[in-house]
There are 2 protein chains.
Amino acid sequence: MIQSVDRAIRILGVLQGARRLSLSDLATRLDLPPSTAHGILKTLQAHGMVVQDRDSNRYQLGPAVLKLGNVYLDTLELRSRAVTWSEELGRRSGHAVRTGVLTFDEVVIIHHEPRPDGSRQMPEVGIVIPAHASALGKALLAFLPEQADELLAGDKLRSMTSETVIDPVVLRKQLDEVARDALATEKEEAVLGEAGVAAPIFDASGTAVGAIGIVLPAVDWAPSDATFAAVREAARNISRELGASRWPIQPR
Amino acid sequence: MIQSVDRAIRILGVLQGARRLSLSDLATRLDLPPSTAHGILKTLQAHGMVVQDRDSNRYQLGPAVLKLGNVYLDTLELRSRAVTWSEELGRRSGHAVRTGVLTFDEVVIIHHEPRPDGSRQMPEVGIVIPAHASALGKALLAFLPEQADELLAGDKLRSMTSETVIDPVVLRKQLDEVARDALATEKEEAVLGEAGVAAPIFDASGTAVGAIGIVLPAVDWAPSDATFAAVREAARNISRELGASRWPIQPR
DNA sequence: GAGTTACGTTCGACTATGTCGAACGGCTTT
DNA sequence: AAAGCCGTTCGACATAGTCGAACGTAACTC
């Protein structure tokens, strides 16, 4: 681990949590001498990764990170496949559709298909949700035992709402059920009033590389069997296009 | 400039151009010993900025960059304002609407309002266009003299199509006209068959912080006076909401 | 309006840290 | 079965990053 690079990414991480920060704030939060933080910041600035506010001198993320994010999406074969089938799933279920991938303990949304009712909805690409509190995350963790073990062992299970499951034993049991059915559900565990249903997506190597699912108002619970089937079918279809030999693919 | 951080960002930059690269490829392109590149890569990997393909060992951008990009968008006041007025501009003009900011010699799209005809269109948030070949870029450069000087002085004016203006003298003249009218146009200079009209957005300090404009098929040229007026009004309205005292604001 | 504080930035010495060449081991190719 | 390629690990060296101190500027106070 290279120290200065690690520190640079840490700076970006802190800037991610607090939109705008002064140099001294940043240095304090990272336990660094201001001059050290300054050197790193200037390097990031030279590449457009951070920008400095003219008046206040505070730093914030820069446009270059957005460019990077967009290129990442373009490189993902998973995403291009998800677009097609999300549309279908949205039509069949009548709900918004999300596709996500796992990073450590979080799910990052890589595609968002708004509800087909034509209402205005915020695009959700790029948002992150704690894996243990989302249907997408559970669908992934159930088929990624190493990552699940790591998450359950660590003390990372933060509570989002009163419904969030943070007991490792209970969560483990849920994951076992998810692995059995290849279908994960979540009701108000991340956001009050919101529920989700998701299924895992596999690639040619048989690894769970993502998950697709629907988001629905908690009051509309429970979905019909046809809806559950539609989610599973979308996941299966995308997996097939990615070269997966069958679906689902149990790990080990 | 801190060497290792600079190299890390360079790696991300190269990964941006070539989707997937092996360690040796990467090292060759950056003129680095493989072991040096490896150390940096592993640090980036530990933070999810890059991921390594299981089978091929090749590296590509990771989900963390997408998360960063999304947070950047959230911090931008310009973006939240643009959303509202883009909708209006889209309705009035009947065309797709883009809002962008300038980074060095490129425009990064921070909001994209699809054409209101209901057809399926790719989201364009995060894509970059050479500033000198886009209406958005010209609208910005015309009100950012220092950045314009830098671009015109440097040898960065790449040609995109047969229509791209790469002569600094011609471009300077265009920018002067844009500054006068507070309205920039572009016809097939970036993409054949596509034209654009854009106007600059100012913040409370009077700096041009972005531009908003429409994208239309080149065959639909020329737009009506009402369309030109609509673009200018959108830019003026957003500027006002950002605290700009008047519109346009001539530099110096 | 002078004094004071806080902040971003610059500078230079020290040494901790990243760099690089060489060697290892797994995989594919011939 | 041997040779080549590639990603990775290791350790010595010296470069390059780090940190404390000093500077200049802007805001705040009395």
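The chains referred to below are lettered A, B, ... by the order of the sequence lines, with proteins before strands, and numbering in each begins at 1. As the structure is a computational prediction, the values presented were derived from the model and not from experiment.
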- Any donor-acceptor N or O pair under 3.5 Å, side chains A:R19, A:Q60: no

- Item | Enclosure of A:D155 CG (heavy-atom neighbours >12, cutoff 6.0 Å) | no

- Looking at every strand, decide which applies to B:L23 at a 4.0 Å heavy-atom threshold: base, sugar-phosphate, or nothing. base

- Remember a base hit wins even if backbone is also touched, and classify A:S24 as base, sugar-phosphate or nothing at under 4.0 Å, heavy atoms. sugar-phosphate

- Item | B:Q45 CD to D:dT8 P, straight-line distance once rounded to whole Å | 8 Å

- Query: Considering only side-chain heavy atoms of A:P33, which listed nucleotide, D:dT8, D:dC19, C:dG18, is closest?
  - Reply: D:dC19

- So does B:R98 pair up with B:E124, basic N to acidic O under 4.0 Å? yes

- Query: Any side-chain N or O of A:Y59 less than 4.0 Å from the OP1 or OP2 oxygen of C:dT9?
  - Reply: yes

- Message: In whole Å, measure the gap between the C1' atoms of C:dG18 and C:dC14 for me.
- Response: 16 Å

- Item | Atom-to-atom span, NZ of B:K42 to C1' of C:dT17 - whole angstrom | 20 Å

- Determine, for B:D6 against B:R10, whether the closest basic-nitrogen to carboxylate-oxygen distance falls under 4.0 angstrom. yes

- Query: If you check every side-chain atom of B:H38, which of D:dG17, D:dT9, C:dG8 has the closest atom?
  - Reply: D:dT9

- Message: Taking only side-chain N and O atoms of B:Q52, does any of them lie within less than 4.0 angstrom of OP1 or OP2 on D:dT8?
- Response: yes

- May I have the distance from A:N57 (atom CG) to D:dA27 (atom C1'), rounded to whole angstrom? 12 Å

- Atom pair distance, as rounded to whole Å: CD1 in A:I11 and C1' in D:dG17: 13 Å

- Residue closer to the 5' end of DNA chain C, A:P34 versus B:V5 (nearest nucleotide): A:P34

- Task: Could you tell me the separation between the CZ atom of B:R58 and the P atom of D:dT8, rounded to a whole number of Å?
- Result: 14 Å

- According to a strict under-4.0 Å criterion, is B:R7 in side-chain N/O contact with OP1 or OP2 of D:dG17? no

- Task: Find the distance B:L32:CG to C:dG18:C1' and express it as a whole number of Å.
- Result: 12 Å

- Note on the structure: When A:S56 and B:I40 are each assigned the nearest nucleotide of DNA chain C, the 5'-most assignment goes to A:S56

- Item | With sequence neighbours excluded, residues passing side-chain contact (heavy atoms from CB on, under 4.5 Å) with A:S35 | A:P33

- B:S35 side chain: which of D:dG17, D:dC10, C:dG8 is closest? D:dC10

- Task: Mind calculating the distance between CE (A:M1) and C1' (D:dT9) to the nearest angstrom?
- Result: 16 Å

- Base, sugar-phosphate, or nothing for A:T36, non-hydrogen atoms under 4.0 angstrom? base

- Within this structure, what is the CG-to-C1' distance between B:D6 and D:dA16, rounded to whole angstrom? 13 Å

- Closest listed nucleotide, where the reference is the side chain of B:Q3 and the choices are C:dG8, D:dT8, D:dG17: D:dG17

- Message: Tell me whether the count of non-hydrogen atoms from other residues, nucleotides or ligands lying under 6.0 Å of CZ in A:R158 goes above 12.
- Response: no

